[in-house]
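Naming convention: chains lettered A, B, ... in sequence-line order (proteins, then strands); numbering from 1 in each chain. The figures that follow rest on heavy atoms only: side chains count, while hydrogens, waters and symmetry mates do not.
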There are 4 protein chains.
Amino acid sequence: MSAQRQRRQARRDERREELKQAAIEVFHEHGYHAARVSQIVKKVGVAQGTFYLYFEGKQQLFSEIISDFLEMVVTTVASWEPGAIDSREDLREELTRVGLMLTEELLRNELSTAIFFNEAMAVAPEINELIRHFYETLQAMLSDFNRILCQRGLIAPMDFTILGSMTIGMVERVILERVVYGTLKDAEPRAIVDHLIMHFLAGTIEPIGEPASAGQPVALDRTETSDNAAPTEV
Amino acid sequence: MSAQRQRRQARRDERREELKQAAIEVFHEHGYHAARVSQIVKKVGVAQGTFYLYFEGKQQLFSEIISDFLEMVVTTVASWEPGAIDSREDLREELTRVGLMLTEELLRNELSTAIFFNEAMAVAPEINELIRHFYETLQAMLSDFNRILCQRGLIAPMDFTILGSMTIGMVERVILERVVYGTLKDAEPRAIVDHLIMHFLAGTIEPIGEPASAGQPVALDRTETSDNAAPTEV
Amino acid sequence: MSAQRQRRQARRDERREELKQAAIEVFHEHGYHAARVSQIVKKVGVAQGTFYLYFEGKQQLFSEIISDFLEMVVTTVASWEPGAIDSREDLREELTRVGLMLTEELLRNELSTAIFFNEAMAVAPEINELIRHFYETLQAMLSDFNRILCQRGLIAPMDFTILGSMTIGMVERVILERVVYGTLKDAEPRAIVDHLIMHFLAGTIEPIGEPASAGQPVALDRTETSDNAAPTEV
Amino acid sequence: MSAQRQRRQARRDERREELKQAAIEVFHEHGYHAARVSQIVKKVGVAQGTFYLYFEGKQQLFSEIISDFLEMVVTTVASWEPGAIDSREDLREELTRVGLMLTEELLRNELSTAIFFNEAMAVAPEINELIRHFYETLQAMLSDFNRILCQRGLIAPMDFTILGSMTIGMVERVILERVVYGTLKDAEPRAIVDHLIMHFLAGTIEPIGEPASAGQPVALDRTETSDNAAPTEV
DNA sequence: TATGAATGAGCCTTCATTCAT
DNA sequence: AATGAATGAAGGCTCATTCAT
């Protein structure tokens with residue numbers, strides 16, 4: 001009895017996932033508004049009505065897809081471990097670890113990422129709230145992180161709300177270009193993460209490309225850099 | 001004759017602008033897809049058909065609104081004058097000038113800004129292309145700027161494409177929060193611009209908030225940041 | 001399974017036919033352009049959307065109605081059997097058979113016939129092509145028939161393309177008047193067919209009304225007719 | 001005063017005619033329903049409103065165009081002079097005269113002819129009545145003609161209403177093909193008229209192409225026509 | 001559970017006509 | 001007479017959702 005029930009539930013979950021995956025593809029290809037429920041069910045090979053046995057409707061499914069995505073991001077970012085960080089080098093390492101993990105996740109969920117950035121804000125107020133909440137959570141997390149870092153003297157004091165926004169923006173646009181539009185597809189994830197972290201840490205003071213020199217600011221005077229007209233674009 | 005023609009043209013332009021403005025409000029309030037042409041004309045007090053004397057249709061008008069917005073941004077950003085910049089202090093001043101100007105423009109076009117960030121990517125492929133083109137233009141402009149700065153030894157060498165994306169992201173998220181969502185409404189435009197520039201210049205090395213100390217990095221306690229020699233400011 | 005599928009298909013076909021029939025009535029009553037889809041569905045008692053489950057749109061349905069009609073005509077005309085025709089009498093009999101069959105079909109599809117003659121050319125270029133093609137087919141068929149008849153010495157040589165057009169015109173106007181406008185509603189189909197055939201065979205040489213004399217031309221010379229005997233009008 | 005008034009009236013008539021001519025072109029090119037008043041005025045180079053100074057509306061203008069056409073046809077057909085006709089040869093000559101005159105007129109008004117055949121019945125009930133009336137007039141005229149001819153022993157007695165319809169149909173389809181569709185454009189007007197008349201007079205008994213033999217029925221037996229497999233298509 | 005036929009509200013757009021100038 | 005901006009009614013079609021089977 002229970003075994004049969006379990007099997008049924010498993011089959012149900014499977015089909016649900018199939019539909020959701022198909023929806024992600026359709027939403028990605030056409031955008032939410034041009035996406036048709038009929039296209040989704042056709043991809044899976046079930047009848048129109050079946051869709052409504054698994055989801056309340058088109059919007060609710062979209063909402064769920066966005067929720068999944070946001071939760072994944074939050075979980076990844078929240079995995080940061082500030083405990084053992086005592087130096088800027090420690091910080092750099094930890095940020096690199098988290099950055100690479102996030103990058104990996106986003107690349108794994110390329111379509112959802114694209115949907116999130118392109119469509120999510122233009123579907124319905126409820127979803128906008130979801131997203132606003134996400135950004136607020138992210139802001140709060142980053143503020144906490146940065147406050148800790150500041151207390152430990154690892155970063156300078158400043159308005160951590162603004163800093164949080166800047167960090168989020170920096171990261172998300174780079175992700176957008178790399179994961180969604182492929183503009184930065186020549187750049188290795190590692191290089192991208194390095195740039196993000198170095199920029200977070202030192203703005204445009206320190207060069208990137210020679211890991212050896214990382215942590216040691218270049219002397220920013222003309223004589224030394226004059227022969228560096230064509231910087232090595234990583 | 002000519003006088004009458006001129007008067008007509010003037011009235012025509014005026015009405016066109018009225019309709020466009022009403023459309024911006026409606027698009028902002030309901031989003032592109034939920035916006036109704038009927039709501040737009042009702043706001044202006046003209047008949048439904050009149051709308052089509054001035055615009056080809058709902059989407060074309062949206063497209064025009066986005067174009068206007070993008071052009072405004074590009075024009076503002078392009079007003080940067082790299083000529084006389086010889087030091088990081090010069091750079092800071094020039095960036096501040098442009099940053100404040102952009103902020104001012106965006107605040108003046110608050111609704112368009114919101115529409116751009118929330119809706120623009122989810123309307124139609126043609127508009128997406130418009131926007132992609134915009135970002136590419138921006139990227140190219142920033143890359144050029146940074147290359148020049150780098151040649152002058154004002155910033156370190158790195159991948160300027162990535163740097164461009166980071167800068168764009170940084171700026172646009174802060175704008176979004178401040179202008180569109182009001183999250184940073186407590187922060188003065190000036191403070192925001194300062195943060196953006198300082199972060200661009202020095203990441204999280206330098207404190208912000210005490211203009212007096214600007215340019216002098218906080219002592220990032222060397223014991224804690226042992227291998228992190230205090231960066232020498234220009 | 002298969003049984004249910006069959007039942008469904010049957011019901012589907014039935015409803016499709018119902019809608020098409022209703023459309024024929026509406027097109028006939030109001031003409032294509034003034035016909036409303038809403039009138040069609042109301043006649044059948046289904047929702048507006050249902051219409052689009054069965055037809056791509058108003059024009060496509062019209063096109064289908066015309067196609068059906070044209071096919072019916074071509075099929076009927078093509079049923080002619082020239083094999084055993086060796087004399088003008090044989091020819092007359094065969095033409096009579098086909099003529100009556102066509103008349104019967106057209107009377108059975110009175111409304112479609114009317115729609116064809118009144119509306120079909122004024123709906124859309126695609127439909128015009130359909131109709132042009134129909135006439136070309138008919139022309140070709142008639143030319144072939146007549147060439148055969150000529151070879152057998154049953155009709156005189158002449159330009160069979162012109163002859164084909166004359167025959168088509170002769171027939172279609174008589175049909176139009178009888179079936180569509182009812183002008184000739186006093187005339188029995190048989191009488192009409194007789195007139196058509198006799199006219200085709202002998203122009204105005206032979207009288208119609210006394211089948212007995214058929215085949216024997218009235219003496220058409222001046223002396224006999226100069227005294228102007230009042231002919232008995234049938 | 002009166003001179004000025006006359007000049008004004010002349011200018012008015014001229015412009016009215018210009019508009020009507022433009023309308024004919026537009027109606028011909030697009031069909032009545034797809035024709036736009038804006039296209040008509042653009043052709044003439046006047047404002048939209050000007051159109052309504054000369055015509056009550058689009059439909060009324062169409063109606064007028066059709067009326068002009070019908071009147072032209074009736075006038076031409078009515079020019080027949082039965083007075084001196086005493087023999088079938090006389091008849092043939094008179095019919096040829098009228099036939100050529102009609103053909104000439106129709107070729108001169110090619111566009112109106114096309115509009116009449118393709119569009120006229122599908123515009124509005126009032127116009128249909130106009131056309132029905134036209135056909136009835138034509139019918140009556142032909143019936144009268146034929147009755148006279150019959151009385152003079154030139155044609156056999158039959159149902160002259162049916163004969164009238166047959167004649168009208170014969171003529172109009174040949175015209176349609178030649179003038180409107182160009183299918184018979186290889187045939188000289190004279191050849192067409194000859195065919196029409198010969199068919200009217202003798203159906204398919206007499207050959208066409210050798211005017212010499214006109215009036216003398218070919219012997220319709222196989223021996224003479226057997227080697228005539230490929231009749232001279234005029 | 002699955003099906004898929006049926007629903008029906010809702011909107012963008014066109015264009016003949018009007019009328020103030 | 002001429003203009004041309006303004007009108008506004010009207011309808012084809014879509015598609016998310018429901019529900020009887």
Less than 4.5 Å apart, side chain to side chain, heavy atoms only: is that true for [X] and [Y]?
{"X": "D/Val41", "Y": "D/Thr50", "value": "no"}
{"X": "C/Tyr54", "Y": "C/Arg12", "value": "yes"}
{"X": "A/Leu19", "Y": "A/Val46", "value": "yes"}
{"X": "A/Arg16", "Y": "A/Phe55", "value": "yes"}
{"X": "C/Val180", "Y": "C/Glu110", "value": "no"}
{"X": "D/Gln21", "Y": "D/Glu25", "value": "yes"}
{"X": "C/Val37", "Y": "C/Tyr52", "value": "yes"}
{"X": "D/Glu129", "Y": "D/His133", "value": "no"}

Can you list, by residue number, the residues of residues 30-42 of chain D that have a non-hydrogen atom closer than 4.0 angstrom to DNA chain E? D/Ala35, D/Arg36, D/Val37
Close approaches to DNA chain E from residues 8-25 of chain A, in residue order (heavy atom, under 4.0 Å): A/Arg12, A/Arg15
Any donor-acceptor pair under 3.5 Å linking the side chain of [X] with the backbone of [Y]?
{"X": "D/Lys20", "Y": "D/Glu64", "value": "no"}
{"X": "C/Gln39", "Y": "C/Arg36", "value": "yes"}
{"X": "D/Thr113", "Y": "D/Asn109", "value": "yes"}
{"X": "D/Lys58", "Y": "D/Ala35", "value": "yes"}

Axis bend over the full length of the helix from E/dA2-F/dT21 to E/dT21-F/dA2, computed from five pairs that close each end, to 10 degrees: 10°
Show me the side-chain donor-acceptor pairs of residues 114-128 of chain B shorter than 3.5 Å, one per line, residues at least two apart or across chains.
unit_1, atom_1, unit_2, atom_2, d
B/Asn118, OD1, B/Tyr181, OH, 2.8
B/Glu119, OE1, B/Tyr32, N, 2.9
B/Glu126, OE1, B/Gln59, NE2, 2.7
B/Asn128, ND2, B/Met121, O, 3.3

CZ (C/Arg132) with more than 12 external heavy atoms under 6.0 Å: yes
Of all nucleotides in DNA chain F that come within under 4.0 Å of a heavy atom of chain C, which is furthest toward the 5' end and which toward the 3' end? F/dG11 to F/dT14
Rounded to the nearest 0.5 Å, what's the gap from OG on B/Ser112 to CG on B/Leu70? Could you check? 10.0 Å
Residues in residues 49-64 of chain B with a heavy atom under 4.0 Å of DNA chain F, by number, are B/Gly49, B/Thr50, B/Leu53, B/Tyr54
